[in-house]
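Remarks on the structure that follows.
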Amino acid sequence: PYLIEGYDTWEERLSTIPAQAYGAIIGIPLLSGSEVIGVIGLAHDYHSARQFTAEDVRRLRRFSELAAIVLDNARLFDAERRQARRQEALFCLSAQLAASNTEADVCQNVTLGLLDDALGFTYVVLFLVDAVTGDRIVRAKAGLLDIPIGYRLPPGFGLTERSVQDGQPHYWPDVTVEPAYIAGLGGSEVDAPIYIDGKVQGVLAVENQQKNAYSESDIDVLTSAANQAGLAIERLRLLRNAQQRVG
């Protein structure tokens, strides 16, 4: 009840309470390891002459330890539940991609699939690389991105080029400090390469209006989706080539 933003320690927070508001006051931090995750505070109003004893402090400290354990367990349970929902959503996305009949379907299904509430992405775009020019061409998008299908990013422009060059996922927690960034949402971005036939031939990118919006789990999800998209496109190209040879 006495948690006031803008202070580094619980003692500083408690010190901001007006002296005339209460008589005796006691505050104990809720600790998760060395991190303060909350404060339990008790007070007598200024009309009371009652004081807190060493036994009160001991009991409150023990209660705070138990409360912190309960909060930690609840957080762990929520994290495990979110992870299970994400795995289920990724499984459904994989099934959709496997059932796609064209490259356009694959691209659209992966971008729309990442908008699932369990996966939590809100702005998604998929680029495929033009083998002749090296341009990254927008093949699908989802969310309110002001970028048309077919839009081309030539080499030397945009953050997604890094994943094409080195074949690695990249997280940009603050895109505004990156010289290669093309003005857009102005928050954060994650890019994952799309491998087709053993080569990087595309990039799957997500953006967020907030800085530092993504976690390691988000990067893993996007990388998995990019890998699935690449495999689905590769399968369709192999099938098309086989049909052309037979024809």
So, taking the atom named [atom1] in [X] and the one named [atom2] in [Y], what distance separates them when rounded to the nearest 0.5 Å?
X: Leu231; Y: Tyr195; atom1: CG; atom2: OH; result: 12.5 Å
X: Leu153; Y: Ile182; atom1: CG; atom2: CD1; result: 4.5 Å
X: Ile233; Y: Gln201; atom1: CD1; atom2: CD; result: 8.5 Å
X: Cys107; Y: Ile149; atom1: SG; atom2: CD1; result: 9.0 Å
X: Leu71; Y: Leu66; atom1: CG; atom2: CG; result: 11.0 Å
X: Asp218; Y: Ser215; atom1: CG; atom2: OG; result: 3.5 Å

Looking only at non-hydrogen atoms, find the nearest pair between [X] and [Y] and report the distance.
X: Gly143; Y: Leu115; answer: N-CD1, 3.9 Å
X: Ser188; Y: Tyr171; answer: CB-CE1, 4.2 Å
X: Ala225; Y: Val110; answer: O-CG2, 3.9 Å
X: Pro155; Y: Thr133; answer: CG-O, 3.8 Å
X: Leu97; Y: Ala232; answer: O-CB, 3.8 Å
X: Leu204; Y: Ala226; answer: CD2-N, 3.8 Å

Are the side chains of [Y] and [X] in contact, using a 4.5 Å heavy-atom criterion?
X: Asp197; Y: Arg237; value: no
X: Asp174; Y: Asn212; value: no
X: Glu189; Y: Thr160; value: yes
X: Leu114; Y: Leu222; value: yes

If you apply the rule side chain to side chain contact (heavy atoms under 4.5 Å, CB included), what do you find for Thr122 with Gln209, and how did you get there? CA-CA 9 Å; Thr122 52; Gln209 292 175 311; over 6 Å; no

How about [X] and [Y]: does a side-chain donor come under 3.5 Å of a side-chain acceptor?
X: Ser224; Y: Gln228; answer: yes
X: Asp220; Y: Ser217; answer: no
X: Asp191; Y: Ser163; answer: no

Members other than Leu159 in its cluster, when Ile, Leu, Val, Met, Phe, Trp, Tyr link by side-chain heavy atoms under 4.5 Å? Trp172, Val175, Tyr181

Please say yes or no: joined through hydrophobic side-chain contacts below 4.5 Å, possibly via intermediate residues, are Ile69 and Leu60 part of one cluster?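 No.
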
Following the transitive rule for hydrophobic clusters with a side-chain heavy-atom cut-off under 4.5 Å over Ile, Leu, Val, Met, Phe, Trp and Tyr, establish whether Phe157 and Val138 coincide in one cluster.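 Looking at the clustering, Val138 is in the same group as Phe157.
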
[X] atom [atom1], neighbour heavy-atom count above 12 within 6.0 Å:
X: Arg240; atom1: CZ; result: yes
X: Lys199; atom1: NZ; result: no
X: Glu65; atom1: CD; result: yes

When you measure from the side chain of [X] to the backbone N and O of [Y], does any donor-acceptor pair fall under 3.5 Å?
X: Ser64; Y: Leu30; value: no
X: Arg152; Y: Arg136; value: no
X: Asp135; Y: Ile137; value: no
X: Asn241; Y: Leu238; value: no
X: Glu161; Y: Gly156; value: yes

What is the ring orientation for Tyr214 with Phe121, classed by angle as parallel under 30°, tilted 30 to 60°, or perpendicular over 60°?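 Rings of Tyr214 and Phe121: tilted, as their planes differ by 30° to 60°.
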
Taking the basic N atoms (NZ, or NE/NH1/NH2) and the acidic carboxylate oxygens, is any pair closer than 4.0 Å for Glu178 and Arg162?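 Result for this pair is no, no salt bridge flagged.
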
Under a 4.0 Å threshold between the charged nitrogen and the carboxylate oxygen, would Glu55 count as salt-bridged to Arg59?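 So Arg59 pairs with Glu55 through a salt bridge.
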
Let me know which of Thr111, Ile147, Leu126 forms a side chain to side chain contact (heavy atoms under 4.5 Å, CB included) with Lys141. Ile147

